[in-house]
Amino acid sequence: MAIPKRKVNPKGETVISVSGLTPKAARYSRIFDFLVVAAVVPLFAGAFHLHVMLTVGDWDMYVDWKDRQYWPLVAPISMIMFPAALQAIFWVNFRLPIGATVGATVLLITTWLGRYANWWIWTGFPFTEGVPSQVIAGALLMDMALIVLRNSLFTSIFAGFAFGFVFWPSNYSALAPFYLPVEHQGMVASLADMIGYTFPRSNMPEYLRIIERGTLRTFGSSVSWVSAAFAGFICIFMHQLWWQLGRFASQTTFLKNGDVVKSFMGMKSRRAS
Amino acid sequence: MRTRTVQFYDVHFSKTDVKVNERFELTGKFRLMEDWPDAVTPPDIVFVSSVSPGPTIARVETYLNGEPARQSFAKLELGRDYDFRMVLEGRTPGSSHIHPSISIKGSGPLVGPGQWINISGDAHSFAFPIKTMTGLQIDDLQTFGLTNAIGWHVAWLAVAAAWLLFWLVRPLFLPRWLVLQKGREDLLVSLRDTGAGIIVAAIVLGMVFGGYVRANQEYPYNVPLQSGLNKVAPRPASPADAEVKVISATYEVPGRSMRLATRITNKGSEPLSIGELTTANIRFLNQGLPAAVANVDPTYPRDLVARTGLELSSDTPINPGETRELRVEATDAVWELERLVSFLTDVDSKFGGLLLLYTPSGKRVIAEMGGPIVPVFTELK
Ligand SMILES: [Cu+2]
């Protein structure tokens, strides 16, 4: 007795059978999959890494720039761009809810490779000085929201916000030990401050750090949650903007050939004169 | 410009050969010139630093006039002196050129004289232990916390990899695209997939907030990054025992020679002899005055001490109350080598420097001087 493979699909249809590909073509399409992945991963990884270096720069680079106020705000706003665009490309064209995760994963891997090559091998900075941030947590939530909501606008509202909001807590667990207090020359410093101070960057005086300088307002220790909420709010719009950009970039359109080109290509006879 | 901003003096390296993990001190003083150039931001936010080729040395402690200098300072005063002390530690074996430096927000680093420090030993033996205020003894600041951070990153990568594999094992781009064109979205994302997504979302939220709560329990006394500007008073002003007025100054380009006509007034109680002209780390010594020669620290970089020295039109000491006109000549290729001849191309052709004078009892008087300078492009007869 034949048991249907899936309840939702009683006729035994598979993606391959419905796609109309012959078994041979299906095999080639699998090779094509690998080629696409092999080409796209380094491309996205390089582009995304460069983008983050240029926009988030020192906040993602140095442990003593990862403050409570600016880092949880600037980093997710910039780091949502590529995942949002990739999410659109993968979902609109292939119904694959993995775009954001792909972006966040290749970014983290490339960043660590960069830290190893440029920081440790080339200039000899300890890894503790360059612990990066990760956005995989937020990206996974984005893909999960998409598969449940199946709508880019709702994904922007809920998952764009979630992406920005979970940046701080999801990175704090990895970085918490670096905020332990030490006494140095009679003053309090965090370990992160000490790491930046002990292994000097000649071209970066302390005052260049754009970090929380304190406030009279009574946010107190909740300052990072205020930043997280605000980052989430901005990320809603960032997500939608970059989703649209990703969709636009993955369109295939054809330009109509002009008469000159057509006649040149032999598609149209020259006008008799 | 460099001759009119920060003048380093008394720079001393406690050692020039150190082992990995061995400490040495870099000390000295600097004068912020009264006649500060308009084009350079005034020293309102200042960081005391060292220049090294990457972190070949570790910084242990730094002081400005005895105040801790891990953070930046606000509002240093022009025309005043400051002394610095840096405790450094050899880290990377090899020869490292180390300078003290004063970074000014808006202008960048103003670098003091550099010295080669030979660091010997095994790079891997370097470690930087530190103790936290919570009582935790950390063996090495270079590796502490990495296991936790990398552990979290690997955990996130694992969840991401699981989700990606869940999708990548299926037929991918071409078949899915074809199926989508045929309007059969139901085949591509099933209810089971949505369920899996909800489970993953729950795992992610559990990791995010569970991890956050755990980190807070484990590190309840954490502090934010520390910042803020420190205040520091300048060194007591040295008595203005000598007043130096530059009547005229020329720089002879072919001969690489600076010639000054000066009027010097001794306002002190002891006779004064000119011992040294120093500007932008270059030192021209009156080699006929033992006190001036003795003032050169053996660790001071030799290439910054001009070989020809300082030539004076008169060598007899200036008596108390006396005003004398004196010609001073400083000739050396080091003007060009150190690229100090920018006053030839600057918009305001001015120079500055410190004149060091000595009394017979060995007291040193430091006088700031400077003014417009006129280049001479042909050989003077
Ligand atoms: Cu150097």
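Small disclaimer: the values here were computed from a predicted structure and weren't measured. Side-chain atoms are counted along with the backbone in the values below, which use heavy atoms only and exclude waters and symmetry mates. Throughout, protein chains are lettered first and strands after them, A, B, ... in sequence-line order, and every chain is numbered starting at 1.
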> Among B:Pro109, B:Pro171, B:Ala161, B:Ser49, who wins on heavy-atom pairs under 4.5 Å with chain A?
B:Pro171
> For the backbone of B:Val189 and the side chain of A:Arg95, can you confirm whether one donor and one acceptor N or O come within less than 3.5 Å of each other?
no
> Is the backbone N or O of B:Thr62 less than 3.5 Å from a side-chain atom of A:Gln185, with the two atoms forming a donor-acceptor pair by type?
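At least one qualifying donor-acceptor pair exists.
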> How long is the gap from NE2 on B:His153 to CG on A:Leu108, to the nearest 0.5 Å?
5.5 Å
> Is A:Tyr28 close to chain B through its backbone or its side chain, or both, or neither, when contacts mean heavy atoms under 4.5 Å?
neither
> For A:Leu21, is it the side chain, the backbone, both or neither that has a heavy atom under 4.5 Å from a heavy atom of chain B?
side chain
> For the interface with chain A, which of B:Leu141, B:Val204, B:Ile198 has the highest count of heavy-atom pairs at distances below 4.5 Å?
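Highest number of heavy-atom pairs under 4.5 Å: B:Leu141.
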> How far does NE2 of A:His184 sit from CE of B:Met133, to the nearest 0.5 angstrom?
13.0 Å
> Taking side chain as everything from C-beta outward and backbone as N, CA, C, O, which of these in A:Arg30 sits under 4.5 Å from a heavy atom of chain B? Side chain, backbone, both or neither.
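The answer is the side chain of A:Arg30.
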> Of the backbone (N, CA, C, O) and the side chain (C-beta and beyond), which part of A:Trp122 lies under 4.5 Å from a heavy atom of chain B, both, or neither?
neither
> Would you name the heavy atoms of A:Arg68 and B:Pro224 that are closest together and state the gap between them?
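So the minimum-distance heavy-atom pair works out to NE-CB, 3.5 Å.
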> Do A:Pro181 and B:Thr134 make a side-chain contact, defined as non-hydrogen atoms from C-beta onward lying under 4.5 Å apart?
yes
> Flag the one option from B:Val51, B:Leu146, B:Thr92 with the top tally of heavy-atom pairs under 4.5 Å to chain A.
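It is B:Leu146.
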> Which answer fits A:Ile147, side chain, backbone, both or neither, if we ask what part of it has an atom under 4.5 Å from a heavy atom of chain B?
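Both parts, backbone and side chain.
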> With distance as the sole test, does A:Tyr207 use its side chain to make a donor-acceptor pair with the main-chain N or O of B:Ile104 at under 3.5 Å?
yes
> Is it the case that the side chains of A:Asn171 and B:Tyr212 hold a donor-acceptor pair, with the cut-off being a distance below 3.5 Å and no angle test?
no
> What residue in B:Phe47, B:Trp152, B:Phe173 has the most heavy-atom pairs under 4.5 Å with chain A?
B:Phe173
> Do A:Phe94 and B:Leu180 have side chains that get closer than 4.5 Å, going by heavy atoms?
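When only atoms from C-beta onward are counted, B:Leu180 and A:Phe94 do not touch, as no gap falls below 4.5 Å.
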> Measure A:Val92 against the heavy atoms of chain B and call it side chain, backbone, both or neither at under 4.5 Å.
backbone
> Roughly how far, to the nearest 0.5 Å, is CZ of B:Arg214 from OG of A:Ser173?
8.0 Å
> Look at B:Leu188, B:Ile57, B:Asn148, B:Leu174 and state which one has the largest set of heavy-atom pairs under 4.5 Å with chain A.
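Max contact count across the listed options: B:Asn148.
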> Measuring from atom CG of A:Leu180 to atom NZ of B:Lys131, what distance do you get when rounded to the nearest 0.5 angstrom?
13.5 Å
> Examine whether an atom of A:Ile98 lies under 4.5 Å from a heavy atom of chain B, and if so say whether it belongs to the side chain, the backbone or both; otherwise answer neither.
both
> If you round to the nearest 0.5 Å, how far is CG of A:Asp33 from CZ of B:Arg170?
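Between atom CZ of B:Arg170 and atom CG of A:Asp33 there are 13.0 Å.
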> Would you call A:Ile195 and B:Gln142 a side-chain contact if the rule is heavy atoms closer than 4.5 Å?
no
> Rounded to the nearest 0.5 Å, what separation is found between the OH atom of B:Tyr219 and the CZ atom of A:Phe178?
9.0 Å
> Going by heavy atoms in the side chains, are A:Arg150 and B:Thr194 under 4.5 Å from each other?
yes
> Can you tell me which residue among B:Val200, B:Ile199, B:Ile203 is in a side chain to side chain contact (heavy atoms under 4.5 Å, CB included) with A:Met144?
B:Val200
> Does any N or O in the side chain of A:Thr123 come within less than 3.5 Å of the main-chain N or O of B:Gly54, such that one atom is a donor and the other an acceptor?
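Between the backbone of B:Gly54 and the side chain of A:Thr123 there is no qualifying donor-acceptor contact (under 3.5 Å).
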> Given a strict heavy-atom distance threshold of 4.5 Å, which part of A:Leu208 is in contact with chain B: side chain, backbone, both, or neither?
neither
> Looking at chain A, which one of B:Gly197, B:Ala215, B:Ser72 has the largest number of heavy-atom pairs inside 4.5 Å, strictly under?
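Highest number of pairs under 4.5 Å: B:Ser72.
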> Tell me whether B:Arg59 forms a cation-pi arrangement with A:Tyr197, defined as NZ or CZ under 6.0 Å from the six-membered ring centre and within 45 degrees of its axis.
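Ring-cation test returns yes.
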> I'd like to know if the side chain of A:Tyr179 and the backbone of B:Asn222 have a donor-acceptor N/O pair within less than 3.5 Å.
no
> With a 4.5 angstrom heavy-atom cut-off, is it the side chain or the backbone of A:Trp112 that approaches chain B, or both, or neither?
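The side chain, not the backbone.
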> Are A:Ile109 and B:Leu157 packed together at the side-chain level, in the sense that at least one heavy-atom pair is separated by less than 4.5 angstrom?
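They are in contact (side-chain heavy atoms under 4.5 Å apart), so the answer is yes.
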> Checking A:Val15 against chain B: side chain, backbone, both or neither under 4.5 Å from a heavy atom?
both
